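Report on one structure; see the data block that follows.
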Amino acid sequence: MSEASARAHPNIALAKYWGKRSSSLNLPAVGSLSLTLAGMETRTSVAFRDDLDADRIELDGAPASEAIRRRISAFLDLIRQEGGTQRRALVRSSNDFPTGAGLASSASGFAALALSAATAAGLELSPNRLSELARRGSGSAPRSLYGGWVRMHRGDQESGADAIATPLHPESHWDLSMLIAITTEHSKSQGSTDGMNLTRDTSPFYDAWIDQSEPLLAAMTSAIASRDLAAVGALMEASCLRMHAVMLSADPGIIYWNPATVAAIERVRELRSSGLACYFTIDAGPQVKVLCEAANAPAISTALADAPGVLRIITTQPGPGAELINE
Ligand code: PMV
């Protein structure tokens, strides 16, 4: 087969990844733990063709920017190398949610691309090998290969063979919702790779960030296993705020938040003190993601939508892993 299509869903890290132990192989400096989300998706089709002299990349129906084209071509080179082909590809990808605004579009994007490109190239890869490949595209992409609750391992090997994702629990494990408060529709100003390198090179708090990650991951893993929302929520907020603290302490400081981000955090705290259990997390962008019991999602969504500057709410649930589709 020289053509294949796949779909993948974004994932949101409850225990965050920020920092690389190797840039060339895109190896994470810390492990992470995420939830894959139904309710938003990326669909990607890849066709390797003899009649192209360069890769052609279309995102949401328009030619990709030069920077994105280069990033995707570099990824396709890995696939070509593994599959022993020189053929260029036509890649068409679309998201049904804002791209590049801290909504993990690179995770679902590279998970869908890794699966469709590897299949189109005729590669028969083990799940771990696919994880390794997806990681070369984006550090959080291996997590989107699996549904539900997923652990991404930091790994120790220089080759990166153990820096892979493994599934912890399927999406049916726990009936939660993740509400996403959109505070801007614009793309983020600083990409995560540049931000991570700057943080590693300049933050006086970087070592402390690395040191806290494994204990937090261990506590998060058992809180998820026992479906303890208060414990998961407290750890999730701690991981998020520590990650943003280390970003803020880079030189120059990296600030992904806007006033509506802070307003949404305040709203979550108010809701919690009024007795509605909900907890926030924020990635490399200004959107605020709120975890709660599915039954409480409508009331929390209404209150969150009313926070100053919040534009709209996307409601998501635990979702499935990446899969091949017929396009
Ligand atoms: O996948 P990347 O390289 O864009 O990294 C994303 C990192 C965060 O979203 C900020 C945190 C995480 O673990 O997803």
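Predicted, not measured: the structure shown is a model, and the values here were computed from it. Every number for a ligand or one of its atoms is a count from 1 in the order of the listing. The first residue of the sequence shown is numbered 1, and numbering continues consecutively from there. Below, each value reflects all heavy atoms present in this structure, side chains not excepted, and no hydrogens, waters or symmetry copies.
- Contact between Ala107 and ligand 1 is absent, with no heavy atom of the residue lying under 4.0 Å from the ligand.
- The N/O atoms of Ser32, backbone and side chain alike, include none that comes under 3.5 Å of an N/O atom in ligand 1.
- When hydrophobic residues (I, L, V, M, F, W, Y) are linked wherever their side-chain heavy atoms come within less than 4.5 Å, the members clustered with Leu25 are Leu27.
- Close contacts between ligand 1 and Ala13 involve ligand atoms 12 (C), 13 (O), 14 (O) [criterion: under 4.0 Å to a heavy atom].
- Salt-bridge check for Asp96 with Arg43: failed, with every basic side-chain N at 4.0 Å or more from each acidic carboxylate O.
- Side-chain atoms of Asp60 come within 3.5 Å of backbone N or O of Asn95 as a donor-acceptor pair.
- Here Arg129 pairs with Glu82 in a salt bridge; the nearest charged N to carboxylate O distance falls below 4.0 Å.
- Under the side-chain hydrogen bond (donor to acceptor under 3.5 Å, both in side chains) criterion, the residue pairs touching residues 227-244 are Gln212-Arg242, Glu237-Arg272, His244-Trp257, with sequence neighbours excluded.
- The closest side-chain donor-acceptor pair between Thr316 and Lys289, if any, does not fall under 3.5 angstrom.
- When Tyr256, Tyr17, Phe110 are ranked by how near their heavy atoms come to atom 13 (O) of ligand 1, first place goes to Tyr17.
- Between Lys16 and ligand 1, no N or O atom pair is found at a separation short of 3.5 Å.
- For the pair His173 (side chain) and Leu168 (backbone), a donor-acceptor distance under 3.5 Å is absent.
- The closest heavy-atom contact to atom 9 (O) of ligand 1, among the options Val30, Asp283, Thr281, Leu33, comes from Asp283.
- At distances below 3.5 Å, at least one donor-acceptor pair connects side-chain atoms of Arg80 with backbone N or O atoms of Arg87.
- Annotation for ligand 1: atoms under 4.0 Å from non-hydrogen atoms of Ser106 are 1 (O), 4 (O).
- By the criterion of a heavy-atom distance under 4.0 Å, the side chain of Ser192, and not its backbone, is placed next to ligand 1.
- In terms of polar-atom proximity, defined here as any N/O pair under 3.5 Å, Trp18 makes no such contact with ligand 1.
- Under 4.0 Å is where a charged nitrogen must lie from a carboxylate oxygen, and between Arg136 and Glu132 no such pair does.
- Taking every heavy atom of Ser140 and a limit of under 4.0 angstrom, the matching atoms of ligand 1 come to 1 (O), 2 (P).
- Residue Arg143 approaches ligand 1 through these ligand atoms, each under 4.0 Å from one of its heavy atoms: 12 (C), 13 (O), 14 (O).
- Under 4.0 Å from ligand 1, not a single heavy atom of Met152 appears.
- Close approach of ligand 1 to Ser138 is summarised as follows: ligand atoms under 4.0 Å from at least one heavy atom of the residue are 1 (O), 2 (P).
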